[in-house]
Amino acid sequence: MNIVGFFIFIGMSFTLVAQPLPEKLLQEALDNRKREKITQYDSALIALYSATKPAQRRELLKFIEHQISTSNNLHAVAKGLAWKGILLYRPPFNNPLAAAEAMDMAINKAVESGDDYLMVQVFEKCAYSFMSGGDIQKALFYFLKSTALRNKLGDQYFKEKDMKILGTVADVFYQIQDFRQTILYITQMLKIPYQGTNPHMTSMNTLGLAYQRLNQFDSAMYWYKESLQFAKQENATVWEGIINGNMGATYFDQQKDLEALPLIWKDYHTTIASEKNSAGNTLHRLALLYLRQGKKDSALLLARKSLQIVSSVNKINPWYLRNAYKAMMEVFRKNATDDSAYFYSDRYHHINDSLIGWVANNRASQVQLRLEFEKKSNLINVLLQEKSTEKLRRNLLMASILFLLVAAWMYLRWQKQRHLNQQQEWLHQKEKADADVQNARSQLEAFTQNIIAKNELIEHLQLQLVQQNQQVNDELMSHTILTEHDWLHFKEMFDKANPGFLPGLHQRAPDITAAELRLATLLKLNLGNKHIASMLGIGADAVRKTRSRLRQRLGISVEQDLDDYVRSLALIETA
């Protein structure tokens, strides 16, 4: 069983025997903030109220007042105040002043909440209650506020109620004779799709009436015909008569009496049984029509019957009564019955002035209500702005804290990832270093083995070179340099044994003579003067003189040993 069915079941139970209030469900209905549940809970509360007796309604009011005084939920308080107003307007309380006060408080709380859905709920409940209490100005104002919010929200939740709200607003505008606004809201309503029985039939008729009052007769006839078509489809006989009467009234306003007369009579005969008040109003127009045709007796008869009907119903319609007085005034004026004409003229103007004043007051009240509401809204908006600023400050603080937490978490995560990356890089570097070390070790081992092999080779070559040099030196020492050919052969073998010595000596002493050069090579071989003289084929004195010239050539002092110098020079040059 859904919530609506459950509440209806509860309501039916109240008709049989007094039952405790379903407090849990009532609490849920007041606290509810889910849009899809709004209609269900509203319907359930209406069903509960309709099914309860006066004693249970007192309990219901007591429960709601307790919720208002104890709840911290602004939505529950606003809706509770609205329902308190609804209860107080009706039996057994019948307290419109207290009801209106509760409604005003409900509106303030709804506006304070800033929740458009809650404002729609409360505005509409209050509007209907104001309307039932006769405060049509407030009713219209809050219907308009609700309609504006509905247009703003454009929510599917509202679609099923949109036509009813727009139609109600249009009817209120028609009552205060604001026909252009009537046309505007009915036109909006007609754009809403519908299913099943056409809900626009009566609204189309009202639309025709509004155009008729504005003397736009073609538009009026168009909408009357549209409305009449649906009335025929749905076999709404009474409405067929009413619409025909309105079409006849339009022809009457255009002085097309032949077209008007059958339609107006059809209206009267159709409505006299079920809509007596409307039929009585129709008679005043027939009276005026016959009067215009010069049928004074018939006009008087119809005018009196019209007045009799509209003044005898339980709830007199002042507009119909005014029309009846006008018909009586016009008939007596045509009959030159001045006293009666004056009597009904006085009554007509009295009630007409009252109605005009009522319309003017309603329009002025709308302006005053708008000003008061805007003033109240501005005060509430200041409070809301303060709350919004505080909420924004709190949200910014929470957002900052959240941002810092997220930033810290991301930083820690980054650090962790960075540490992992460093570890991976370190492991990679370690693996690479280990590979490099292993490779270096292999290369070092290979290099070491290569060095050892080279050293062994060098040692072998050096040994061979020493042996070779020894052989060359031995050969050089046994050689004689008597001719140029001998010198060249000696020089060739000497260069092999002492490479670089002779070029170095030439670099040291560029102008050295052949004799001095030969002496230097023999000194390099560590030969004495006697041996040198033998090899060169010269005397000892010649050797001494050549040594002296070589010392001077090389710039050697007397204290320095020539042999040591030449050998050391040879070592430097070959280094």
Side-chain angles (χ1 to χ4, degrees), residues 3-4 6-23 25-30 32 38-69 71 75-110 118-143 145-146 161 164-165 167-169 171-172 175 313-317 365 369:
I3 188 69
V4 176
F6 183 81
F7 268 126
I8 293 173
F9 173 77
I10 291 291
M12 292 175 64
S13 299
F14 270 95
T15 63
L16 300 175
V17 61
Q19 297 286 338
L21 288 173
E23 293 184 359
L25 294 177
L26 285 170
Q27 185 68 58
E28 290 177 358
L30 292 177
N32 173 60
I38 292 175
T39 302
Q40 291 180 353
Y41 280 118
D42 283 351
S43 300
L45 287 171
I46 292 170
L48 177 61
Y49 168 80
S50 301
T52 54
K53 295 181 178 180
Q56 284 79 43
R57 291 182 183 179
R58 289 188 177 92
E59 289 184 20
L60 180 59
L61 178 61
K62 185 177 179 181
F63 174 82
I64 289 175
E65 286 177 334
H66 176 72
Q67 296 302 313
I68 293 169
S69 62
S71 178
H75 286 66
V77 172
K79 284 186 279 188
L81 286 166
W83 274 100
K84 179 181 177 180
I86 291 172
L87 289 170
L88 290 174
Y89 260 125
R90 292 163 174 77
F93 309 104
N94 299 316
N95 191 341
L97 292 177
E101 183 180 355
M103 291 291 182
D104 287 337
M105 292 173 64
I107 290 167
N108 289 345
K109 292 296 181 182
L118 178 63
M119 283 190 274
V120 167
Q121 286 180 270
V122 172
F123 288 171
E124 289 177 4
K125 287 182 178 62
C126 293
Y128 280 120
S129 292
F130 288 139
M131 198 169 181
S132 65
D135 195 343
I136 195 169
Q137 301 94 337
K138 280 190 175 181
L140 178 59
F141 181 79
Y142 288 110
F143 273 133
K145 282 291 180 183
S146 171
K161 285 189 173 183
K164 182 179 179 181
I165 296 297
T168 303
V169 171
D171 287 341
V172 176
Q175 288 182 44
V313 295
N314 292 330
K315 189 175 181 180
I316 295 176
N317 186 320
S365 295
L369 276 172

Self-check item: Set of ring pair (Phe, Tyr, Trp, His ring centres under 6.0 Å) partners for Tyr128, sequence neighbours left out
Solution: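 Counting only residues at least two positions away or on another chain, Tyr128 forms a ring pair (Phe, Tyr, Trp, His ring centres under 6.0 Å) with Phe143.
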Self-check item: Point-to-point distance, once rounded to the nearest 0.5 Å, from CE of Met105 to CD1 of Ile68
Solution: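 Between Met105 CE and Ile68 CD1, I get 7.5 Å after rounding to 0.5 Å.
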Exercise. Any chance you could measure Ile64, atom CD1, to Gln27, atom CD, to the nearest 0.5 Å?
Key: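 Between Ile64 CD1 and Gln27 CD, I get 10.5 Å after rounding to 0.5 Å.
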Heavy-atom check, side chain of [X] versus side chain of [Y], under 4.5 Å:
X: Lys138; Y: Cys126; result: no
X: Arg58; Y: Leu61; result: no
X: Leu81; Y: Val122; result: no
X: Lys79; Y: Gln121; result: yes

Practice problem: Please identify each residue that fulfils side-chain contact (heavy atoms from CB on, under 4.5 Å) with Asn94, with sequence neighbours left out. | Solution: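 So Asn94 forms a side-chain contact (heavy atoms from CB on, under 4.5 Å) with Pro91.
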Exercise. Kindly write out the residues that satisfy side-chain contact (heavy atoms from CB on, under 4.5 Å) with Asp171, not counting sequence neighbours, or none if the list is empty.
Key: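 Residues passing side-chain contact (heavy atoms from CB on, under 4.5 Å) with Asp171: Thr206.
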Practice problem: Step through the shown structure and confirm whether more than 12 heavy atoms of other residues, nucleotides or ligands are within 6.0 Å of CE on Met131. | Solution: yes
Quiz item: Side chain of Glu65, backbone of Lys62: donor and acceptor closer than 3.5 Å?
Solution: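 No.
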Quiz item: Who are the side-chain hydrogen bond (donor to acceptor under 3.5 Å, both in side chains) partners of Glu101, not counting sequence neighbours?
Solution: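 Counting only residues at least two positions away or on another chain, Glu101 forms no side-chain hydrogen bond (donor to acceptor under 3.5 Å, both in side chains).
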Exercise. Using the test side-chain hydrogen bond (donor to acceptor under 3.5 Å, both in side chains), find all partners of Ser146 that sit at least two apart in sequence or belong to another chain.
Key: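 If we apply the side-chain hydrogen bond (donor to acceptor under 3.5 Å, both in side chains) test to Ser146, skipping adjacent residues, the hits are Glu124.
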If you look only at distance, which donor and acceptor atoms sit under 3.5 Å apart when one is on a side chain in residues 83-90 and the other is two or more places apart or in another chain?
residue	atom	partner	partner atom	Å
Arg90	NH1	Ile86	O	3.0

Practice problem: Identify the two heavy atoms, one from Ala110 and one from Met119, that lie closest to each other, and give their separation to 0.1 Å. | Solution: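 Minimum heavy-atom contact is O-CG, 3.4 Å.
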Quiz item: Which atom names give the shortest non-hydrogen contact between Ala106 and Ala82, and what distance separates them?
Solution: CB-N, 3.5 Å
